[in-house]
Structures are given as structure tokens and as C-alpha cells.
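Contents: one structure, followed by commentary.
Counting begins at 1 with the first residue of the sequence.
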Amino acid sequence: MTGNSQQLSLIQALKSVVGGSYTLTDNVKKQAYTKGFRFGSGEAIAVVRPETLLEIWQVLKVCVEADVAVIMQAANTGLTGGSTPNGKDYDRPIVIISTMRIDSIHLIDNAKQIIGLAGSTLFGLEDVLAPYGREPHSVIGSSCIGASIVGGICNNSGGALVQRGPAYTELSIYAQIDDAGNLSLVNNLGIELGDTPEEILTNLHQKNFTDKNVGFPSKRASDNEYHERVRQIDEDTPSRYNNDGRRLYESSGCAGKLAVFAVRMDTFPIPKKQQVFYVGTNDPGVLAQIRRDILSNFKSLPVSGEYLHRDCYDASKKYGKDSFLVISKLGSKYMPKMFAIKRTVDRIADNIKFLPSKFSDRMMQYFSYLWPNHLPKRMEQYRDRYQHHWIIEMSNEGVDEAKQYFDNFFASNEGSYFECTEDEGNKAILHRFVAGGAIGRNQLMKSKDLGSIMTIDVAFPRNEKDWFETLPPELDELIAVKLYYGHLFCHVMHQNYILKKGVDAKAVKEKILATFDARGAEYPAEHNVGHEYFAKEDLKGFYKSLDPTNSFNPGIGKTSKLKHWQ
């Protein structure tokens with residue numbers, strides 16, 4: 001598409017589908033959609049916010065006819081910039097389709113499975129399932145910032161829950177563009193919904209189907225093999241990572257190379273009994289042994305196992321305090337609203353010359369200093385005694401199994417543990433969660449003295465015993481701050497660095513990634529490539545097979561942004 005008249009014609013066509021008020025062309029209004037949650041930004045000719053699945057289809061037809069690129073976007077909570085444009089070197093205009101108005105969730109098979117429409121969210125799903133005594137695939141982590149169900153599937157995200165693994169399904173409905181540029185709808189939900197795209201999408205959106213229309217094909221609606229895979233502690237490959245060919249299937253792992261309308265997923269019974277154990281030690285080898293013992297010998301797998309190094313504990317306490325307080329006092333549902341308020345404040349502040357950049361973050365940080373210490377006394381005592389902290393949650397029979405094991409283990413090994421009260425357990429898990437935003441706030445508040453941020457999520461092999469990083473001295477001296485946290489049972493670690501002033505971040509990252517390569521690690525592990533990582537050849541091949549004209553989310557994984565992958 002070239003020329004203002006053609007662009008105006010496209011915008012008019014989009015308005016005719018979704019309405020003028022839901023077709024955003026003003027740069028200020030588009031910013032929330034064109035700028036990534038933590039990384040990346042670019043330009044879009046328009047952002048459209050359809051109300052129905054049929055409107056998404058009609059918008060796609062307009063975009064294909066106009067030969068523009070399309071980015072499907074849900075909650076825009078990705079951490080590697082994978083749901084926004086990145087830069088200005090595209091060969092076609094971009095239209096962003098925001099799906100967040102389409103948030104319905106349909107229950108099937110007495111809530112044992114769900115169909116999440118394009119903009120449905122994980123915490124919305126928690127509410128829907130609670131009366132049935134069931135819960136979603138993922139209940140911690142990015143769910144707290146309003147992450148979408150479809151976004152999780154498209155990025156193989158999650159996996160913190162040890163029994164369930166990363167988000168995965170083989171049952172979805174999506175639009176695809178073939179190598180001749182033809183748009184088609186593929187219904188692999190396993191539900192009879194009609195014959196034409198218009199009929200299928202309208203019936204799905206309005207739930208115009210009965211139990212008789214719902215089939216149960218021999219396809220997975222979750223990674224139902226993961227619980228066996230994570231127990232294989234002597235294998236020299238990671239338990240989960242984004243480039244895992246086992247779990248790249250149509251919508252799953254597509255990274256926006258398909259326009260996904262809905263996904264069908266398994267749900268899980270809420271445990272009748274749960275207990276959080278707080279483990280501390282000064283020897284990373286102790287945690288390595290506990291991991292191997294639990295995964296190989298326990299009858300019951302843990303629910304989760306969240307690691308936090310002391311330095312990260314401190315940073316999370318100081319720089320994640322405001323997020324901790326918002327979630328603990330108002331609930332995770334308030335987080336999307338808080339982010340919207342922050343964007344508005346920053347947009348206004350950017351037009352006032354004497355106010356600093358990211359004014360809302362600075363303001364919230366200063367307000368947090370007024371609040372007393374928010375962490376439980378026993379956690380604070382462990383912080384003083386131990387470098388390494390591990391928050392292990394067990395359920396049902398696993399609770400007694402873990403208590404007996406820890407009593408025996410720490411009778412003859414360095415370190416100790418305590419059983420959390422419900423309040424301590426909730427606060428320990430939340431403290432670990434808000435660590436994700438602490439590094440950015442840390443760098444912002446000390447930006448005059450610190451260099452750039454570098455974040456890496458990496459999956460180490462299942463047989464790795466020396467899991468805690470020791471960098472060569474020549475690399476270590478370039479780094480001002482190191483914050484380590486992660487999901488220790490599956491050996492997925494988040495290793496975040498703030499470099500010293502003037503240090504070349506790209507060169508340091510390449511050297512650190514080389515150390516991972518030498519250890520047989522895979523990266524990224526769960527945040528997907530976005531615009532931050534190179535997609536490896538197998539992953540690039542998967543993207544090309546889904547989207548031969550490179551019309552959806554071009555440039556993902558640092559691939560070509562040009563039509564037909566030129």
C-alpha cells in the first residue's frame with residue numbers, strides 16, 4: 001500500500017467494520033498498543049478494537065485486500081516486545097488488532113475444559129472456574145498483570161506449575177494466509193459450528209452450540225506429558241523452552257503468525273490441601289540435591305518451586321513494594337487498571353518539561369517508602385541467615401511427604417525450612433512474583449550511575465547440578481547488579497543484569513549466551529523470542545510454514561520484516 005489516499009481508504013474501511021471510536025489513528029491513543037509492556041515500540045497506521053470474532057475476520061479481510069501487515073494483540077503484557085511493532089523498517093503499513101473487548105469464556109464438559117475467546121484473561125478464567133472447584137493452567141506469574149489465555153498459548157508461556165508445564169493446546173480456531181495471499185479460516189476446536197467463516201465465528205462467539213456439537217478428538221488440550229518429563233532428572237536437555245519442537249503446533253507457539261480467535265484448554269481441580277514451605281540455605285548444592293530428591297522420589301509432584309537469591313530478595317523488597325501492596329490490598333484484578341493509570345500519568349508528564357521520564361514509576365517508588373515493612377518476620381530472618389531462598393508449594397498427600405522429607409534432610413544438611421502460615425505463604429509467593437519488575441525500577445531510580453538492563457530467561461538441562469551462575473571475572477566486573485530468580489524444579493531461571501555505565505550490553509549478552517550454549521541450555525525459556533532474541537532455524541521454519549507471505553507479526557524473532565520473507 002502506498003499513498004495517502006489508499007491509507008485513508010483503508011482507515012475508512014476499518015471504521016466501517018468496528019466503528020470510528022474503535023479505530024484509533026491518533027498517536028497518543030495508539031501508544032498503549034504500539035509500545036511494549038517492557039520492551040520495544042514501533043508505528044501502526046491504525047489500532048482497531050473489534051467487539052466480536054466476526055469483526056476480527058472482517059478486519060482481516062480488509063487488511064489482506066489492502067496488503068498491509070497485521071499484528072494480533074491481546075493484553076500486551078509480553079516481556080520481549082512480541083505483540084507490538086518494533087522499529088520503522090517494515091515494507092508495509094501495520095494494523096494492530098486489539099482483541100481485549102472479546103473476553104468471553106465458554107465452559108464445556110462440566111468445566112473440565114474451556115474455550116477462551118481472543119481477549120479472555122487468566123484471572124477472568126479463575127473467576128469463572130472457581131464455583132466448579134477448578135482452576136486454569138496458570139494461576140501465578142503473568143496472570144497477575146492481566147495476561148490473556150490466547151497470548152499464553154501463542155507464546156508457550158507459563159510452566160511455573162510443576163505438574164502442568166507450559167501453556168499448550170492442539171485445539172484452536174484461527175485464520176491463516178497462504179502463499180498466494182488467500183485468507184482462510186481453520187476450525188480445529190473439535191466443535192461443529194457451521195460451514196462458512198461468518199457462521200462459524202458468530203456461533204462460537206454467541207455460544208450457539210450444544211453438547212451434541214462438541215467432539216473429543218484425540219488431541220491434547222494441555223501438555224499432559226510434562227509431569228513425566230520434568231521427573232527425568234538425568235536427561236541432558238531442558239524440560240521446557242520456547243523452541244521445543246514437541247510443543248510447536250498450529251496456534252501453540254505461533255507467536256502471532258496466525259490470527260487466533262479462540263483456544264480450547266484443559267482445567268484442573270483445585271487441591272483440597274495446600275502448604276507452602278520456605279527453604280533457606282547458603283549452599284546452592286543443597287537446593288540441587290533437594291530438587292533431585294523430590295522429582296525422583298516423591299509420589300506427589302510439587303505445585304510450584306520459586307527460587308529467589310538474597311540480592312533479588314532485597315531488590316524485590318525495595319523496588320517491588322508498590323506492586324506488592326497494590327496486589328495484596330486491592331487484588332491482582334486491579335493491576336491492568338493501575339497500568340492504564342500509569343500510562344495516562346506518564347503521557348501527561350511527558351508534556352511537562354520539568355518532570356522526569358517515567359514519572360509514575362518514580363512517584364510510586366517514593367510513596368512506597370512511606371509504608372512500613374510489608375514482609376513477614378520469619379522471611380526477614382531467613383534473609384539475614386541465607387543467600388538462597390526457595391518457596392515450595394505442595395498439595396494434598398504431598399504436604400505430609402514434604403514435611404517428613406525436610407525434617408530428615410535438614411537434620412544432616414546445611415540450611416533449614418519452615419512451614420508458612422497462609423498469610424506468610426501468600427506473601428512469599430507474591431514477593432517472588434514482583435521481583436520481575438524490580439530490576440527495571442532499580443535501574444530507573446539509579447539511572448545516573450547505572451548502565452543498561454539485560455534480562456535473560458534460560459532453561460538449563462535437567463541433569464545440570466551446578467545451576468547457580470558463576471561468571472568469569474572479566475565478565476563479572478562489567479556488571480553492577482545481578483538479580484537471580486526462577487522456577488528451580490524445571491531449571492528455568494530468570495537472570496537479570498544491570499551493567500556498569502558505558503558497558504556494551506550487546507557484547508556482554510553475546511558472551512553470557514555463549515556460556516549457556518556451552519552448557520547445553522536453551523533460551524528463551526518461557527517469554528518467547530519477541531523482538532529481543534533470534535529465532536533458531538527450526539523455530540523460523542515453523543513461523544514460515546504458518547505464514548508464508550510474512551503478513552502476521554513480521555520481524556518476530558529478528559526475522560525478516562519484508563513480504564514473503566525477502
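Note on Asp384 versus Arg310: no salt bridge recorded, every NZ/NE/NH1/NH2 to OD/OE distance being 4.0 Å or above. Looking at Arg247 and Asp223, a side-chain N of the basic residue comes within less than 4.0 Å of a carboxylate O on the acidic one, giving a salt bridge. Ion pairing between Asp236 and Arg462 fails under the 4.0 Å rule for side-chain N and carboxylate O. A salt bridge does not link Arg291 with Glu464: none of the charged nitrogens is closer than 4.0 Å to a carboxylate oxygen. Salt bridge annotation for Asp423-Lys427: present, with a cationic side-chain nitrogen under 4.0 angstrom from a carboxylate oxygen. Taking a cutoff of 4.0 Å between a charged side-chain nitrogen and a carboxylate oxygen, Lys540 and Glu537 qualify as a salt bridge. Using a cut-off of 4.0 Å between Lys/Arg side-chain N and Asp/Glu carboxylate O, Arg229 and Glu235 are scored as not salt-bridged.
Asp466 has its side chain out of reach of Phe460: every pair of non-hydrogen atoms, C-beta onward, lies at least 4.5 Å apart.
Closest of all the heavy-atom pairs between Ile149 and Leu122 is CG1-N, 4.1 Å. The shortest non-hydrogen separation linking Ile96 to Pro85 is CD1-CD, 3.7 Å. Residues Lys321 and Lys317 share a closest heavy-atom pair of CB-O, 3.4 Å. Nearest heavy atoms, Ala349 versus Phe359: CB-CB, 3.7 Å. Of all non-hydrogen atoms in Ile294 and Pro302, the two that sit nearest each other are CG2-CG, 3.6 Å. A pairwise comparison of heavy atoms in Ile153 and Ala167 identifies CD1-C, 3.8 Å as the closest pair.
With 3.5 Å as the limit, one finds no donor-acceptor pair spanning the side chains of Gln31 and Asn27. For the residue pair Gln73 and Ser98, no side-chain donor N or O sits within less than 3.5 Å of a side-chain acceptor on the partner. The closest side-chain donor-acceptor pair between Gln495 and Glu469 falls under 3.5 angstrom. A donor atom on one side chain and an acceptor atom on the other are found under 3.5 Å apart for Ser83 and Asn76. Side chains of Asn243 and Glu522: a donor-acceptor N/O pair is absent below 3.5 angstrom, by distance only. Counting only N and O atoms by type, the side chains of Tyr386 and Ser416 include a donor and acceptor under 3.5 Å apart. Under 3.5 Å, the side chains of Lys257 and Asn550 contain a donor-acceptor pair of N or O atoms. Tyr313 and Gln387 share no donor-acceptor pair across their side chains, judged by distance under 3.5 Å alone.
Applying the ring-ring contact (aromatic ring centres under 6.0 Å, His included) test between His389 and each of Phe418, Tyr278, Tyr485, Tyr307 identifies Tyr278 as the sole match. The side chain to side chain contact (heavy atoms under 4.5 Å, CB included) test with Leu513 is passed by exactly one of Val458, Ile456, Val508: Ile456. A side-chain hydrogen bond (donor to acceptor under 3.5 Å, both in side chains) with Thr281 is found for one member of Arg385, His388, Glu414 and no other, namely Glu414. Results of the ring-ring contact (aromatic ring centres under 6.0 Å, His included) test with Phe277 over Phe406, Phe409, Trp390 single out Phe406 as the only residue that passes.
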| message | Between Glu424 and Arg378, does the side chain to side chain contact (heavy atoms under 4.5 Å, CB included) criterion hold? Intermediate values first, please. | response | CA-CA 8 Å; Glu424 286 174 330; Arg378 287 200 288 182; 2.7 Å; yes
| Residues Lys318, Asn442; criterion side chain to side chain contact (heavy atoms under 4.5 Å, CB included); working and verdict | CA-CA 9 Å; Lys318 183 174 182 178; Asn442 187 347; over 6 Å; no
| task | Assess whether side chain to side chain contact (heavy atoms under 4.5 Å, CB included) is satisfied between Leu24 and Tyr33, documenting all intermediate values. | result | CA-CA 10 Å; Leu24 311 180; Tyr33 307 89; 3.6 Å; yes
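Note: Phe410 and Tyr417 have parallel aromatic rings, judged against thresholds of 30 and 60 degrees for the angle between ring planes. Note on ring orientation: taking the six-membered ring where Trp is involved, the planes of Phe468 and His309 are parallel (angle under 30°, cut-offs 30° and 60°). The aromatic rings of His487 and His494 sit perpendicular, their planes meeting at an angle over 60°, well past the 30° parallel limit.
For the atom pair CG (Leu370) and CG (Asp322), the distance works out to 12.0 Å, reported to the nearest 0.5 Å. Remark: Leu287 CG to Phe489 CZ distance equals 9.5 Å, nearest 0.5 Å.
Relative to the ring axis of Tyr497, Lys482 does not place its NZ or CZ within 45° and under 6.0 Å from the centre. A cation-pi arrangement, defined by a distance under 6.0 Å to the six-membered ring centre and an angle within 45 degrees of its axis, is absent between Lys536 and Phe542.
With sequence neighbours excluded, the residues that form a side chain to side chain contact (heavy atoms under 4.5 Å, CB included) with Asp89 are Lys561. Applying the side chain to side chain contact (heavy atoms under 4.5 Å, CB included) rule to Ala74 yields the partners Thr99, Met100, Ser148; only residues at least two apart in sequence or on another chain are considered.
Residue Lys30 qualifies as enclosed at atom NZ: its count of foreign heavy atoms under 6.0 Å is above 12. For Glu422, the CD atom is loosely surrounded, since the number of other residues' heavy atoms within 6.0 Å does not exceed 12.
Note on residues 491-518: pairs passing salt bridge (Lys or Arg N to Asp or Glu O under 4.0 Å), not counting sequence neighbours, are Lys509-Glu532.
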